[in-house]
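Since the model is a prediction, treat every value here as computed from it, not as a measurement. So you know, we letter chains A, B, ... as the sequences are listed, proteins then strands, and number each from 1.
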Amino acid sequence: MTAVKEIKDVVTILFAGDSGDGIQLTGGQFTDTAALLGNDISTFPNFPAEIRAPIGTVAGVSGFQLNFGSIEIFTPGDQCDVLVVMNAAALKVNLKNLKKGGVIIANSTGFDKRNLRLAKMDEEYTLQNDTRLEGYKVHEVDVTKLTRETLENSGLGTKAVDRSKNMFVLGFLYWMYDRPLDITIKFIEGKFKGKQDLIDTNIMVLKAGFHYGETCEAFPTQIVVKAADIEKGVYRNVIGNEAAALALISAARKANLQLFYGTYPITPASDILHTLSRHKNYGVKTYQAEDEIAAICSAMGASYGGALGVTASSGPGIALKGEAIGLAVSLELPLVIVNVQRGGPSTGLPTKTEQSDLLQAMYGRNGEAPVPIIAAQSPTDCFDAAYEACRIAVEHVTPVFFLSDGYIANGSEPWKVLKGEDLPKITAKFAAPRKEEDEAFMPFSRDEKLSRPWAIPGTKGLAHRIGGIEKENLTGNISYDPDNHELMTKLRQAKVDKIADYIPEQKLDNGKEGDKVLVLSWGSTYGVVKTAVKELREEGQSIAHAHVRYMNPLPKNLGALLSKFDKVLMPEMNNGQFVRIIRDKFLIPAIPYNKVQGLPFFTQELKEKMTEVLNAK
Amino acid sequence: MAEETIIKNSGVKLAAKDYATDQDVRWCPGCGDYSILKQVQSVFAELQLDRDETVFISGIGCSSRFPYYMNTYGMHSIHGRAPAFASGLRSINPDLNVWVITGDGDSLSIGGNHFIHMLRRNFNLNVLLFNNQIYGLTKGQYSPTSEKGKITKSTPIGSLDHPFNPLALSLGADATFIARSMDRDPKHMRAILLRAEQHKGTSLVEIYQNCNIFNDGAFFTFTEKETKGDTVLFVEQGKPLIFGANSDKGIKLDGFKPVIVDLKDTSANDLWIHDENDRVKASILTRFFDDPSKDGALPRPFGIFYVEKRDNYEDALIAQLNKSIEVKGTGDLDALLRGSNTWEIK
Ligand SMILES: Cc1ncc(C[n+]2csc(CCOP(=O)(O)OP(=O)(O)O)c2C)c(N)n1
Ligand code: SF4
Ligand SMILES: [Mg+2]
């Protein structure tokens with residue numbers, strides 16, 4: 001039977017099931033295949049906080065959302081077109097994420113009495129009798145049974161057989177979306193290298209899923225999503241944390257410095273450590289310290305010695321690092337502090353995303369302790385933003401915050417492969433050795449950037465002492481002099497402000513000066529704000545978009561740019577943080593729009609808010 | 001050796017005073033810290049250590065002002081964290097001679113965590129723990145080494161906590177060099193510092209230091225002529241454990257139990273012979289921690305308790321790095337950026 005083919009621009013699929021169902025792997029494989037077929041894509045994995053939450057329960061549901069299309073894609077999509085659920089709990093949690101009239105593909109075995117009980121649902125429940133599902137296209141597929149039948153004679157135990165049922169689902173979806181199997185077959189061969197029986201059985205199940213689609217009458221149409229019109233070139237896929245790790249290695253290389261990464265494991269930052277520790281042959285020194293305080297202090301010890309010191313954590317760990325960051329401000333040493341933000345306060349929502357540590361980065365220290373801040377806007381931008389954070393840290397001899405968050409840290413995007421030679425150069429300047437007869441060394445003298453010399457131990461003639469007690473201007477000797485303290489406070493601030501001369505001016509991402517409303521965003525909301533503004537402009541609305549990457553200091557022209565708009569709307573995944581800074585700096589009545597659910601914005605809700613602001617007097 | 005180090009120091013032989021800075025030393029007159037500073041400077045002169053290759057890193061406390069007075073590189077960091085700064089520095093430059101200066105509060109209270117992890121990792125560092133059994137800088141609160149019942153500003157009717165025994169703690173954290181000395185015995189301190197500097201690994205030297213303002217005389221039973229004979233036991237490698245004002249007492253092991261014996265009745269051959277490589281004996285020795293005013297108290301040992309050869313963290317770190325370069329080749333930036341899975345849009 002040859003199915004009818006229907007062409008679509010964009011499709012959103014949400015895979016949901018137990019963490020143990022291989023949801024992330026299934027989603028990842030579909031993503032790789034979509035990427036290789038030239039679709040534009042964006043993904044959003046959504047994990048439960050517990051590693052092995054009880055099987056079948058609502059708490060254990062893991063999700064992977066994938067948005068792919070023949071058009072440009074900036075978000076993983078709001079609600080999905082297709083919801084794949086491996087069990088009852090997955091449906092219970094995710095039905096609200098499915099578009100009205102969307103497709104549900106449900107694994108029947110996942111709705112047996114046991115699974116219904118685990119999901120705390122009525123044991124008499126059936127998909128057919130669920131009135132809430134009216135209007136949806138529900139397809140029950142007995143994945144477990146079909147997988148077992150496929151592998152009847154394989155000699156594998158039931159456990160091993162059941163573990164490959166995600167391949168059946170994947171094969172079936174490959175048929176539905178008219179995709180080839182070869183990319184996943186290659187993956188299976190690599191993953192199970194040396195275990196021929198597992199290679200054979202997984203491929204068998206994958207193909208069985210595909211053939212099931214072909215022969216099953218229930219699905220008369222296949223959906224075709226053509227390649228997107230993407231800039232020519234070689235691409236790879238990358239998640240934000242990996243991109244950040246690559247940026248750190250690259251920046252150290254370009255600056256000709258050792259990379260020292262001192263950290264303590266924490267979700268969602270740990271993957272940076274995992275990535276870096278696999279690249280020791282790039283001269284990367286990773287150090288898993290005894291706690292976050294030791295992590296940052298070790299990184300500062302490394303910076304003091306002439307390496308690029310980097311430390312990373314998430315909110316709770318950044319809180320612990322606070323005192324040491326103050327010392328970094330006082331010592332004026334290069335240091336990159338990575339915060340992959342998650343829901344807070346306290347432990348908060350460890351596996352969920354939030355942008356609520358901006359004010360912590362900005363103000364979370366004792367004393368006057370300004371730190372430059374750079375925020376990434378997408379998984380691939382984690383590379384550019386982290387690289388830029390390193391550049392500023394090294395060239396301006398200062399600690400710098402790099403802010404990412406759980407959403408872009410775990411999300412992935414296609415990334416046009418860069419070459420080392422394409423990367424901006426980073427110049428690390430060490431103070432030169434001094435001879436006995438030369439002038440006295442002034443560790444707190446300043447250059448045109450207002451940064452002090454990076455004088456590393458081992459340099460002849462530069463022996464000097466630094467510390468957290470206030471330093472006398474120029475000599476760096478201890479000083480309790482009132483005027484000197486005020487001078488040093490102002491100098492440290494001026495040095496950070498001066499960075500504004502070395503960063504690009506703020507540009508509009510969309511729209512033009514004089515539009516009625518400017519949407520001002522920062523960090524990981526970029527894609528969804530861009531999409532919402534683009535759609536509204538296509539509908540003829542007078543709305544513009546600017547996205548800020550340099551959070552401190554702000555681009556020099558930002559105030560002037562904001563003054564060109566009647567209204568400034570500021571969506572943030574927090575309770576209103578950047579909006580406070582903007583109001584404070586520019587005395588404008590910027591309008592906050594906040595979501596604090598541990599989840600990114602949906603395009604639709606943003607459009608509604610934007611429309612409301614556009615229509616208000 | 002001397003020849004070579006003189007050349008390192010631009011051909012000029014340095015005196016102890018050349019290791020001092022031009023900054024006024026701001027400890028209280030009579031503070032035990034002066035004596036420690038003096039001995040360190042003198043050891044530096046004796047070994048002609050290179051000022052530009054040396055780094056002193058301290059935490060916070062009176063003792064932690066030390067780096068300001070040494071004409072080397074120095075960092076006065078934050079309370080309790082000096083070991084962490086030192087770890088990072090050693091990791092990226094193992095050629096530097098790094099010293100950690102810390103107080104009893106700095107190392108054993110706020111910095112307790114870093115202290116034990118530094119010891120188990122065995123970075124090549126010299127750590128001088130200035131133990132005055134008090135918080136000096138904050139003007140006299142009790143510390144984790146203060147004896148139970150200590151009357152201080154924060155404990156007007158006596159402290160409740162059982163004190164730390166720093167050397168037992170260090171041995172428990174698998175330190176590879178532990179020693180004890182005192183501010184009032186410069187010769188002894190010098191000898192210990194020389195050995196500490198030679199040890200490759202974390203050399204922990206606990207120094208009993210008198211805070212004459214807030215805890216004056218805390219160690220006088222061990223440091224003053226009138227009493228020290230009977231309360232102090234100087235241990236030396238290969239020598240029997242003998243003490244007493246007239247060197248008339250010794251320590252014998254009865255199984256694992258140390259007992260004090262009179263040398264009139266026992267021959268020196270039957271005494272405990274000090275072996276700094278014996279971990280079991282060292283652990284018993286660290287437990288010589290009796291209140292000296294009690295009858296039959298064991299004397300307090302001074303000297304080098306334990307020395308062990310073990311890999312340094314930083315050497316292992318560098319070896320692992322070199323090994324992965326050997327196996328995988330020096331990382332190529334373009335290959336890194338490209339990754340293992342690419343596709344082409346034509
Ligand atoms: C984070 C922090 N907490 C508290 C203090 C206050 N403080 C400074 S030194 C000190 C105790 C010092 O005692 P110790 O380490 O024994 O040094 P000493 O002054 O006795 O040499 C304290 C509590 C501080 N500087 N920083
Ligand atoms: S307070 Fe005590 S420890 Fe501090 S300098 Fe004075 S005497 Fe020394
Ligand atoms: Mg003290």
Side-chain angles (χ1 to χ4, degrees), chain A residues 32 35-36 38 227 230-238 246 249-250 253 258 260 262 279-283 285 287 289-291 293-295 297-307 309 323-324 327 331 417-420 436 457-469 477-478, chain B residues 10 21 23 51-58 60 67-68 70-93 95-96 113-114 116-117 317-318 320-321 323-325 327-334 336-346:
Chain A
D32 285 357
L36 264 77
I230 298 176
E231 197 186 327
K232 286 196 182 72
V234 178
Y235 284 80
R236 62 174 291 182
N237 216 18
V238 75
L246 299 183
I249 300 175
S250 306
R253 263 291 166 90
Q258 284 189 64
F260 179 93
H279 291 107
K280 297 227 152 74
N281 62 323
Y282 285 80
K285 289 180 176 165
Y287 181 66
E290 57 272 22
D291 62 21
I293 301 174
C297 295
S298 66
M300 286 171 64
S303 283
Y304 175 55
E323 188 194 9
L327 180 66
L331 296 182
V417 168
L418 292 167
K419 284 230 183 289
E436 203 73 41
T459 314
K460 290 287 160 237
L462 298 190
H464 67 286
R465 277 65 52 196
I466 56 177
I469 301 183
N477 291 331
I478 291 182
Chain B
S10 359
T21 58
Q23 299 293 295
R51 294 179 293 200
D52 293 322
E53 296 289 336
T54 303
V55 187
F56 277 82
I57 302 184
S58 63
I60 300 289
Y68 289 115
M70 286 297 297
N71 189 6
T72 62
Y73 283 87
M75 187 198 285
H76 180 218
S77 74
I78 45 178
H79 201 14
R81 322 298 176 194
F85 289 93
S87 308
L89 182 58
R90 285 284 314 165
S91 293
I92 63 108
N93 187 353
D95 296 331
L96 296 172
N113 196 24
H114 314 306
I116 54 178
H117 288 279
L317 176 72
I318 290 159
Q320 195 180 55
L321 215 125
K323 178 86 196 169
S324 47
I325 291 173
V327 173
K328 297 193 195 168
T330 303
D332 171 60
L333 192 52
D334 288 343
L336 176 81
L337 294 169
R338 197 182 162 88
S340 51
N341 214 353
T342 57
W343 68 92
E344 191 172 355
I345 305 279
K346 289 184 192 139

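Side-chain contact between Glu344(B) and Tyr235(A) is absent, with no heavy-atom pair separated by less than 4.5 Å.
Annotation: maximal heavy-atom pairing with chain A below 4.5 Å, among Asn113(B), Leu336(B), Thr342(B), Asn341(B), occurs at Leu336(B). Contact count against chain B (heavy-atom pairs under 4.5 Å) is highest for Asn477(A) among Leu246(A), Leu418(A), Asn477(A). Highest contact tally toward chain A, considering only Leu96(B), Ile57(B), Asn93(B), Ile60(B), is held by Leu96(B) [criterion: heavy-atom pairs under 4.5 Å]. For chain A, the option among Thr54(B), Ile325(B), Ile318(B) with the highest count of heavy-atom pairs below 4.5 Å is Ile325(B). Interface remark: of the candidates Gly309(A), Gly420(A), Gly233(A), Gly233(A) forms the most heavy-atom pairs closer than 4.5 Å to chain B. The candidate from Pro457(A), Gly458(A), Gly38(A), Gly306(A) with the greatest count of non-hydrogen atom pairs under 4.5 Å with chain B is Pro457(A). Among Val238(A), Leu327(A), Ile230(A), Asp32(A), the residue making the largest number of heavy-atom pairs under 4.5 Å with chain B is Leu327(A). With respect to chain A, the highest number of heavy-atom pairs below 4.5 Å among Thr330(B), Asp334(B), Leu321(B) belongs to Leu321(B). If you tally non-hydrogen atom pairs under 4.5 Å between each of Gly283(A), Ala324(A), Ala227(A), Gly262(A) and chain B, the highest count goes to Gly283(A).
With hydrogens and angles disregarded, a donor-acceptor distance shorter than 3.5 Å links the side chain of Asn281(A) to the backbone of Gly329(B). A donor-acceptor distance shorter than 3.5 angstrom exists from the side chain of Arg465(A) to the backbone of Thr72(B), with no hydrogens or angles considered. Using modelled atom types, no side-chain atom of Lys280(A) and backbone atom of Gln320(B) make a donor-acceptor pair closer than 3.5 Å. Here the side chain of Gln258(A) pairs a donor or acceptor atom with the backbone of Ile92(B) at under 3.5 angstrom. In terms of modelled atom types and a separation under 3.5 Å, the side chain of Tyr304(A) and the main chain of Gly88(B) share no donor-acceptor contact. Between the Ser77(B) side chain and the Ser58(B) main chain, a donor and an acceptor come within less than 3.5 Å of each other.
With a 4.5 angstrom heavy-atom cutoff, Glu323(A) touches chain B via backbone and side-chain atoms both. Interface remark: Ala299(A) contributes no atoms to any contact with chain B (heavy atom separation under 4.5 Å). Using a 4.5 Å cut-off between heavy atoms, Lys328(B) touches chain A through backbone and side chain atoms alike. Neither the backbone nor the side chain of Ala295(A) comes within less than 4.5 Å of any heavy atom of chain B. Leu462(A) touches chain B through backbone and side chain together, each having a heavy atom under 4.5 Å away. For Leu317(B), the part lying near chain A is the side chain, with the backbone staying farther off; criterion is any non-hydrogen pair under 4.5 Å.
Using a 30° and 60° split on the angle between ring planes, Phe260(A) and Tyr287(A) fall in the tilted class, from 30° to 60°.
The two atoms that bring Leu89(B) and Gly305(A) nearest to each other are CD1-CA, 3.4 Å, heavy atoms only.
The distance from atom CZ of Arg236(A) to atom CZ of Arg338(B), rounded to the nearest 0.5 Å, is 10.0 Å.
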